[in-house]
Each structure stands twice: as C-alpha cells, then as structure tokens.
Amino acid sequence: MDFRIVVIGAGVVGLAIAAELSKTFSDIVVLEKNLKFGQETSSRNSEVIHSGIYYPQNSLKAKFCVEGRKLLYDYCIKNEISYKKCGKYVVATNEKENEKLDDILIRAKKNGVENAKRISLDEFKKAEPNVKACGALHFAESGIIDTFALMKSLETHSVNNNVQIVYNSEVVGVKKINNAYQITVKESDSIFNFSTEIVINASGLGAFNVSSMIGLAKPEYELFFWKGEYFSVGNGKNKFVKSLIYPVPNDEISLGIHATIDINGRLKLGPNAILTNAIDYSVDKKNKKDFYESAKRFLPFLEPEDLESDQAGIRPKLTKNRKEFRDFILKNEKDNGFENFINLIGIESPGITASLSIAEYVKNLII
Ligand SMILES: Cc1cc2nc3c(=O)[nH]c(=O)nc-3n(C[C@H](O)[C@H](O)[C@H](O)COP(=O)(O)OP(=O)(O)OC[C@H]3O[C@@H](n4cnc5c(N)ncnc54)[C@H](O)[C@@H]3O)c2cc1C
C-alpha cells in the first residue's frame, strides 16, 4: 500500500481533516488540483463564524455550526489567527419581517445558540445608529475570521505531522482494488496511479464528480452550483457599520444580501444566489441595482456610487429548489460496498464555521 489515507481537496475542510487525522494516523497525502490551498470556495465567501441560527434542529449543519464555532474560536486563540467576535444583528424592515424574528429566535435557541436575544430598538440604535430597523435580534457569538490564516495554520499543522500535501495534482480516477483503492492522478502532462486504504472526498464543487468516479453517481448526491456575488462599499462608509447586519431570510438558498465587515475592516454586501452551470467567478455589474435596493432598506446611508463589484463564490448545493433544505452528506460508503471511501457532499455554508467539527466527525467515520 502506498498510503494509508488520501484526502482529495485542500480547501478548509480537506485541510482541517488532514490536520485532525495526522494526530492519530500516518501515511496521509492531500491531493489538490490547484497550485495552492483554498483557491475555490474557501477563499470566496463571507468569512463569517456563524452562530447556527437557521438550520433545522438536529441537522448536521446545526450541530456542526454550534460545535464548530466553539472549536474555531479556541483554535484561533491557540494559533494566533485573526478573528473578531463582532456579533450579528438580524433586522426586520417591516412588520411582517418583525413577526418572523420570533420564529428565528426560537429556532436558534433550540439549536443551542448562546447569547441570542431580541433587543429593544433603543438598544439597537445605540449599537448601530446608522442602520434602519423596526425590530432586531442580536447574536453575540457571531464573528469574522481570517480564513486564509486558518487554512495556512491547518496546512502547517498537517505538514509538521508528516502529511504530504501535493498541489497541481488532479484526481481523475478512483477504483476499488481488493481491500484498497487505486487513485489516478493527473499532474501537468503526466498521469500516475497509487494505492490507499482510505479515501476522503473533500473536493467541494468537484465532490459529485469524484463520487461518480467510483460509481456513486447517486441522484441524491447531485450538486447544483449557486453563484454568490459580492459588491464592496467604498467612500469611507465601512465606518457606518460595526457588526454583521443580516436581513430576515426569504428562502433556504441564501441568507439574503447582508452586510459583512472583513478582518481588515472592509464592508461588503452579498452574496446573491444565481443558479449556474459553470464555475465562473465573474461579477455581473448589472446586478448592482439589486444589491443597492436590497441593502438600502436597512443601510439608508448607501448611495449607488458607493458600490463596486467585488468577488464571487459558488455554493455546492444539493438542491436547485429555493425552498428546500438539504443537509451536509458525510458518509462512509460501506453500505454501498465501498468501505472507507468517505464522501463529503454539499459542504456549503456554514462549512468554514463547521470545518473543525466536520474533521472530528470524519475521523470517527473511519472503520
Ligand atoms: C458565497 C459564499 C459565502 C459563504 N459564506 C460562508 C460564511 O460566511 N461562513 C461559513 O462558515 N461558510 C461560508 N460559506 C461556505 C464555505 O465557504 C464552504 O463551505 C467551505 O469553504 C467549503 O470548503 P471545502 O474545503 O469543502 O471546499 P473548497 O474550498 O471548494 O475546497 C475543495 C478543494 O478540492 C479541490 N478539488 C476539486 N476536485 C478535485 C480533484 N478532482 N482533484 C484534486 N482536487 C480537487 C478544489 O480545487 C478545492 O481546492 C460560503 C460559501 C459561499 C459560496
């Protein structure tokens, strides 16, 4: 056997898994098709440490978000990674939304989200004088993180524990051979094979494709790509907001266009949610009007000229229906005849927040 464990994908999840497994196992390799870690979804997102408010009770998303958040804050402190527990407000802009806030709070409490409460409008005005709302919830545990620094640290921990991380190596085939798997890798112009006992498919947008390589192209694993664009807010208006400001969400696909500050103090609006077939990270300038109108409802200080197109990311979602909730798929495919082929499919938000918790769970899936 060439390796004990192959992790496919060096995004935040693959790196968290490699770092966790390296505490117990040896002979681990991470294969990444890009030249560096985190070039895809893990560097194209809101960088928010979520509280775990919206997900159905007992779902993996709820459990990993609440557990993962705590692990992540501890990890940041221990490893000197920049983060800020800046808190988050969900704001209602009309009476109908205001009524929905109560349901959101009940769900958050059921999920074990601490320090969550409805606050009075006086309190809200003191905290965020430039934001307009007729009702607000406060979630003190939400924060922001330097995701690049998190991934760098996970990579360093893995390498220090003898994990090999091989970039520019795309997995193009996975085959079961006796009690092992043969992995076929394309590296520049060459193709080579090696064997491993355990395969962990943490390939994000490529997860359905990799699962299909072994014959697990199940309809319930099919991924739909939902692009999320961002616009940044300039003209010094980043100083008008102190916390994360979210509207009341309308559907299961996205949390609605919200305002986030990153670790460098930049204010961004987004993401929207557009179903797409292509992995294309361009931002359509024509959508500026929608962003402006959505955000102006609660950020009255905005003017159209403050908005500049910024980045885009793509959510690997298990549904194309805006109203349907689908949970993460994290599964040892033993029942399907592939023992120790571990699939991670549909790892969209809150994947960063959940990453360390997902890594612990995956470790326990290994037989
Ligand atoms: C718009 C947007 C906003 C978000 N906001 C937040 C947020 O605020 N907070 C939060 O917690 N989460 C957020 N998320 C979710 C979070 O970003 C993801 O869940 C997380 O980054 C997923 O990490 P990953 O490692 O699974 O995937 P990725 O980062 O996509 O990594 C997968 C890796 O696998 C590699 N790969 C794919 N196929 C192959 C192959 N065949 N061979 C080798 N390598 C391969 C890719 O190159 C990639 O590097 C957001 C996501 C989006 C899109």
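Counting starts at 1 for both ligands and their atoms, following the listed order.
Looking at Pro271 against ligand 1, only its side chain comes within 4.0 Å, counting heavy atoms. Only the side chain of Tyr230 comes within 4.0 Å of ligand 1, judged by heavy-atom distances. In Leu15, neither the side chain nor the backbone holds a heavy atom less than 4.0 Å from any atom of ligand 1. Contacts between Ser169 and ligand 1 below 4.0 angstrom, taking non-hydrogen atoms only, involve the backbone exclusively. Contacts between Pro316 and ligand 1 below 4.0 angstrom, taking non-hydrogen atoms only, are absent altogether. Contacts between Asn45 and ligand 1 below 4.0 angstrom, taking non-hydrogen atoms only, involve backbone and side chain alike.
For the pair Lys268 and Tyr230, the cation-pi criterion (under 6.0 Å, within 45° of the ring axis) is fulfilled.
Side-chain N/O atoms of Ser282 and Asp280 include a donor and acceptor closer than 3.5 Å. Using modelled atom types and a 3.5 Å distance limit, the side chains of Ser142 and Ser51 yield a donor-acceptor pair. Asn161 and Ser22 share a side-chain donor-acceptor pair at under 3.5 Å. A donor-acceptor contact closer than 3.5 angstrom is absent between the side chains of Gln57 and Asn111. Checked by atom type, the side-chain pair Glu128/Ser243 shows a donor-acceptor distance below 3.5 Å.
Within the listing of ligand 1, atoms 53 (C) sit less than 4.0 angstrom from a heavy atom of Arg315. In the vicinity of Glu47, heavy-atom distances shorter than 4.0 Å reach the ligand 1 atoms 8 (O). Numbered from 1 in the order shown, with element, the atoms of ligand 1 that lie under 4.0 Å from a heavy atom of Gly9 read 33 (C), 34 (O), 35 (C). Proximity to Ile314 (heavy-atom distance under 4.0 Å) selects the following atoms of ligand 1: 53 (C). Close contacts between ligand 1 and Gly351 involve ligand atoms 11 (O), 12 (N), 15 (C), 19 (O) [criterion: under 4.0 Å to a heavy atom]. Close approach to Val48 involves these atoms of ligand 1, each under 4.0 Å from a residue heavy atom: 7 (C), 8 (O), 9 (N), 10 (C), 11 (O). Those atoms of ligand 1 with a heavy atom of Val13 less than 4.0 angstrom away are 23 (O), 24 (P), 25 (O), 26 (O). Taking a cut-off of under 4.0 Å to the non-hydrogen atoms of Leu31, the atoms of ligand 1 that pass are 43 (C), 44 (N).
Looking only at side-chain heavy atoms (C-beta outward), Tyr361 and Glu20 stay at 4.5 Å or farther from each other. Counting only heavy atoms from C-beta outward, the side chains of Arg315 and Pro271 approach each other to under 4.5 Å.
Atom 52 (C) of ligand 1 has Arg44 O, 3.9 Å as its closest protein atom, hydrogens excluded (heavy atom only). Among all non-hydrogen protein atoms, the one lying nearest atom 31 (O) of ligand 1 is Gly11 CA, 3.3 Å. The protein atom (non-hydrogen) at minimum distance from atom 48 (C) of ligand 1 is Glu32 OE1, 3.4 Å. Nearest to atom 27 (O) of ligand 1 among the protein's heavy atoms is Gly204 CA, 3.8 Å. The nearest heavy-atom contact from the protein to atom 5 (N) of ligand 1 is Ser46 N, 3.3 Å. What sits closest to atom 42 (N) of ligand 1 on the protein, heavy atoms only, is Val171 N, 2.9 Å. The single protein non-hydrogen atom nearest to atom 38 (N) of ligand 1 is Ser203 CB, 3.5 Å, given as residue, atom name and distance. In this structure, atom 21 (O) of ligand 1 lies nearest to the protein heavy atom Ser42 OG, 2.9 Å.
Between Glu348 and ligand 1, a contact under 3.5 Å exists for at least one N or O pair. The shortest N/O to N/O separation between Ala10 and ligand 1 does not fall below 3.5 Å. Close N/O approach between Gly228 and ligand 1 is not found [any backbone or side-chain N/O within under 3.5 Å].
With respect to Glu155 and Lys152, a salt bridge is recorded, a charged nitrogen being found less than 4.0 Å from a carboxylate O. Salt-bridge formation is detected for the pair Arg69/Glu114: a Lys NZ or Arg NE/NH1/NH2 atom is positioned less than 4.0 Å from an Asp or Glu carboxylate oxygen. Classification of Glu348 and Lys61 as a salt-bridged pair holds, one side-chain N sitting under 4.0 Å from a carboxylate O.
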For Phe208 and Tyr221: C-alpha separation, side-chain torsions, deciding distance, then whether ring pair (Phe, Tyr, Trp, His ring centres under 6.0 Å) applies.
CA-CA 6 Å; Phe208 179 69; Tyr221 289 3; 7.5 Å; no

Which is it for Asn287 and Glu229 under the side-chain hydrogen bond (donor to acceptor under 3.5 Å, both in side chains) test, yes or no, and what are the steps along the way?
CA-CA 9 Å; Asn287 292 330; Glu229 299 169 315; 2.7 Å; yes

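Contact annotation: Gln39 has no heavy atom less than 4.0 Å from any atom of ligand 1. Not a single heavy atom of Gly38 sits under 4.0 Å from any atom of ligand 1.
Taking the centre of each ring, Phe37 and Phe148 come in below the 6.0 Å mark. Aromatic pair Tyr246/Tyr89: ring centres not closer than 6.0 Å.
With a 6.0 Å radius and a threshold of 12 heavy atoms from other residues, nucleotides or ligands, Asn364 has its CG atom above the threshold.
Arg44 places a side-chain N or O within 3.5 Å of a backbone atom of Ala312 that can act as its donor or acceptor partner.
Checking Val166, Ile279, Ile347 against atom 18 (C) of ligand 1, the nearest heavy atom belongs to Ile347. When Gly270, Gly14, Ala202 are checked for heavy-atom proximity to atom 32 (C) of ligand 1, Ala202 turns out nearest.
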